[in-house]
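Step one of this worksheet: look at the structure below.
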There are 2 protein chains.
Amino acid sequence: MRMAQLSEASSIPVATIKLYLREGLLSPGTRTSPNQAQYGLAHLRRLKLIQALVRLGRLSLAAAGDVLDAIDSDRPLLETFGVAQRAATRVADRAAIRDAELERVDSLLEDWHVDPNGCGRYDAAAALTALKDSGLNVTDDWYRRYADAALAVAEADLDLVDAQEGRSAKAETVVVGTVLGDALFAGLRRAAQQHVSYTRYAGGGTGFLPAR
Amino acid sequence: MRMAQLSEASSIPVATIKLYLREGLLSPGTRTSPNQAQYGLAHLRRLKLIQALVRLGRLSLAAAGDVLDAIDSDRPLLETFGVAQRAATRVADRAAIRDAELERVDSLLEDWHVDPNGCGRYDAAAALTALKDSGLNVTDDWYRRYADAALAVAEADLDLVDAQEGRSAKAETVVVGTVLGDALFAGLRRAAQQHVSYTRYAGGGTGFLPAR
């Protein structure tokens with residue numbers, strides 16, 4: 001199909017598609033004349049993946065490029081996982097992490113095989129530092145239940161990866177699942193908070209949370 | 001303490017504190033002369049809460065203001081929860097949500113009491129729409145396990161709120177827990193993914209994920 005049809009099929013403006021081409025996120029079409037090129041289903045699929053990473057995952061174009069390079073490479077899946085994790089990571093300010101909170105994370109996860117330089121350990125410690133700084137009275141029981149839930153989600157993530165056929169589909173699942181899984185979980189957590197609050201505080205009443 | 005001491009105690013620059021005062025996020029100190037005011041421990045505590053919301057929770061100053069207003073009000077806790085959820089929500093583009101994915105969320109959560117206009121339901125549907133658009137082959141089993149984990153986390157969140165004494169501490173826990181809980185869970189999920197990948201793909205080897 002031509003550029004105009006690719007735009008229509010993907011609901012993505014031509015200018016945006018041209019930006020992705022210039023930035024190297026999308027491979028060029030097959031040139032049929034000096035001013036025209038043909039694009040295929042692989043382009044359409046890749047466009048949707050880029051949109052998912054950039055719009056909902058809120059990755060920068062550069063970070064999305066790193067992630068797509070990792071999918072296209074033949075690096076081991078474990079490495080692809082690492083690239084997706086780094087690209088999708090919200091926190092990077094290690095200076096704001098206190099040693100005491102890093103130790104607390106280490107003791108929470110002492111039975112896990114975790115990369116000591118990986119983003120998970122530092123992200124969790126950054127969140128614990130901020131929780132502590134905010135003066136909140138948090139309990140070890142709360143952390144522990146978060147860690148148990150995170151482990152259950154990670155098992156589901158890896159089962160989903162294992163169920164895909166071929167390296168490319170597995171790598172895409174690693175990347176998209178890492179980036180969009182955060183958003184899915186955050187939405188479900190809010191819905192679950194509504195459900196649990198309703199059950200505890202408004203049982204029998206009509207007390208749903210106020211409409212947005 | 002004076003402004004300079006408040007800045008030192010909080011590690012927050014004077015210019016930033018003055019910005020929070022101007023924006024109404026921090027209440028004024030007690031004026032002791034035309035050019036000087038005294039600040040107390042309540043100011044210090046509030047400053048740390050603002051930093052947690054703005055820096056790690058990535059809220060705008062306006063969103064942080066809404067959240068702090070909700071803490072300071074005497075609105076019911078359920079409403080405070082709603083304000084914190086809306087302020088901490090990443091997605092708002094309802095036009096990008098497909099009806100089919102909203103129905104899928106509704107059927108997934110059919111036993112839950114969820115506000116039909118709340119952000120949780122729409123956020124989850126937005127993530128499902130993006131997952132579908134990206135061409136990923138996701139399974140009902142994966143969603144179900146995410147929902148189960150989200151419920152376990154929400155139970156832990158509400159237990160933490162219930163354990164606080166007094167409305168103000170409960171409201172702060174609702175707010176901070178909602179905003180920072182996402183970041184904590186994302187970090188733990190990455191660490192858990194490393195652990196599970198290592199266990200499945202590199203058992204017995206030295207194959208940690210590559211250092212950042």
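Chain letters run A, B, ... following the sequence lines, proteins first, then strands; residues in each count from 1. This is a predicted model, so every value here is computed, not measured.
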B/D159, B/T173, B/D133: which one forms the most heavy-atom pairs within less than 4.5 Å of chain A? B/D159

Check whether B/L180 gets within reach of chain A through its side chain, its backbone, both or neither, counting any heavy atom under 4.5 Å. both

Under a 4.0 Å N-O cut-off, is there an ion pair linking B/D74 with B/R167? no

Between the side chains of B/D141 and B/Y146, does any donor sit under 3.5 Å from an acceptor? no

Applying a strict 4.5 Å limit to non-hydrogen atoms, the region of B/L108 in contact with chain A is side chain

Is the closest basic N to carboxylate O distance between A/E103 and A/R98 below 4.0 Å? no

Quiz question: by atom type and distance under 3.5 Å, do the side chains of A/Y20 and A/Q51 form a donor-acceptor pair? yes

Contact leader toward chain B among A/A147, A/A127, A/A52, where contacts are heavy-atom pairs under 4.5 Å: A/A127

What option among A/K48, A/R144, A/R45 has the most heavy-atom pairs under 4.5 Å with chain B? A/K48

What part of B/D148 lies closer than 4.5 angstrom to a heavy atom of chain A: side chain, backbone, both or neither? neither

The interface call for A/L160 against chain B, heavy-atom contacts under 4.5 Å, is side chain

Do B/D72 and B/R46 meet the salt-bridge criterion of a basic N to acidic O distance under 4.0 Å? yes

Return the option, out of B/A130, B/A156, B/A149, with the maximum number of heavy-atom pairs under 4.5 Å with chain A. B/A156

When A/V153, A/V174, A/L109, A/L49 are compared by non-hydrogen pairs under 4.5 Å with chain B, the top option: A/V153

Just verifying a value: how many Å separate A/R190 CZ and B/C119 SG, rounded to the nearest 0.5 Å? 6.0 Å

Could you check which of B/L158, B/L47, B/T129, B/D162 has the highest count of heavy-atom pairs closer than 4.5 Å to chain A? B/L158

With a 4.5 angstrom heavy-atom cut-off, is it the side chain or the backbone of A/Q164 that approaches chain B, or both, or neither? side chain

Leading residue by heavy atom contact count with chain A [cutoff under 4.5 Å; candidates B/A163, B/G181, B/S11]: B/G181

